[in-house]
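What you see below is based on every heavy atom in this structure, not just the backbone, and it leaves out hydrogens, waters and symmetry mates. Residue numbers run from 1 in the order of the sequence given.
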Amino acid sequence: FTPVMRALEHGDARTVREIANASGVSHSAASQTVSRMVEAGLVKLSVGADARERRAQLTKKALSMLPQLRARWAATEAAASIFKRQSPDA
């Protein structure tokens, strides 16, 4: 769920295409992940500019998880940075 959470973490509603572009995953992967997140109560969908467009937005449940997730993302990025500096190929 991380790519979608990160694409939506600032509260703005986005289309699946926008989520895919922002997160670097395929449209299909973003669509499947959004569907699973809707089922888990983490994303809500609304109608976009026309009836065919759906916009995804994090629910209150997902927003409440963001502080812990951001801390974990930062720790992961810090560990990866240390690993990269210690790598013989660096």
Problem set entry | Check against side-chain contact (heavy atoms from CB on, under 4.5 Å), Leu69 and Glu9 | CA-CA 10 Å; Leu69 289 172; Glu9 72 177 301; over 6 Å; no
Exercise. Run the side-chain contact (heavy atoms from CB on, under 4.5 Å) check on Trp73 and Met5 step by step: do they pass?
Worked result: CA-CA 11 Å; Trp73 295 336; Met5 290 289 283; 4.1 Å; yes
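Of the possible donor and acceptor atoms, none in the side chain of Thr33 sits under 3.5 Å from a partner among the backbone N and O of Phe1. Checking side-chain atoms of Glu53 against main-chain N and O of Ala49 turns up a donor-acceptor pair under 3.5 Å. At distances below 3.5 Å, not a single donor-acceptor pair connects side-chain atoms of Arg55 with backbone N or O atoms of Gly48. Side-chain atoms of Ser81 do not come within 3.5 Å of backbone N or O of Glu77 as any donor-acceptor pair. Remark: the backbone N or O of Arg72 is paired with a side-chain donor or acceptor of Thr76 at under 3.5 angstrom.
Remark: the Arg6 side chain and the Thr2 side chain contain no N/O donor-acceptor pair separated by less than 3.5 Å. Ser28 and Gln32 share a donor-acceptor pair across their side chains, judged by distance under 3.5 Å alone.
Within 6.0 Å of atom CZ in Arg17, 12 or fewer heavy atoms from other residues, nucleotides or ligands are found, so the atom counts as exposed in its surroundings.
Contact of the Leu58 side chain with the Leu66 side chain is registered, since non-hydrogen atoms from C-beta on lie closer than 4.5 Å. Side-chain contact between Arg54 and Val16 is absent, with no heavy atoms from C-beta onward closer than 4.5 Å. You'll find the side chain of Val43 stays beyond 4.5 Å of the side chain of Gln57, heavy atoms only.
In this structure, Met37 is not a member of the same hydrophobic cluster as Val25, with clusters built from ILVMFWY side-chain heavy atoms closer than 4.5 Å.
The structure places CE of Met65 at 5.5 Å from CG of Leu42, a figure rounded to the nearest 0.5 Å. From Thr15, atom OG1 reaches atom CG of Leu45 across 11.5 Å, with rounding to the nearest 0.5 Å. Between the CZ atom of Arg36 and the CD atom of Glu39 there is a distance of 8.5 Å, given to the nearest 0.5 Å.
Taking each heavy atom of Pro67 and Ser64 in turn, the nearest pair found is CD-O, 3.5 Å. Taking all atoms of both residues into account, the shortest heavy-atom contact from Ala7 to Ala22 is CB-CB, 4.2 Å. What you find for Ala13 and Glu18 is that their closest heavy atoms are O-OE1, 4.3 Å.
Every pair passing salt bridge (charged side-chain N to carboxylate O under 4.0 Å, His left out) that includes a residue from residues 40-50 is listed here, sequence neighbours excluded: Asp50-Arg52.
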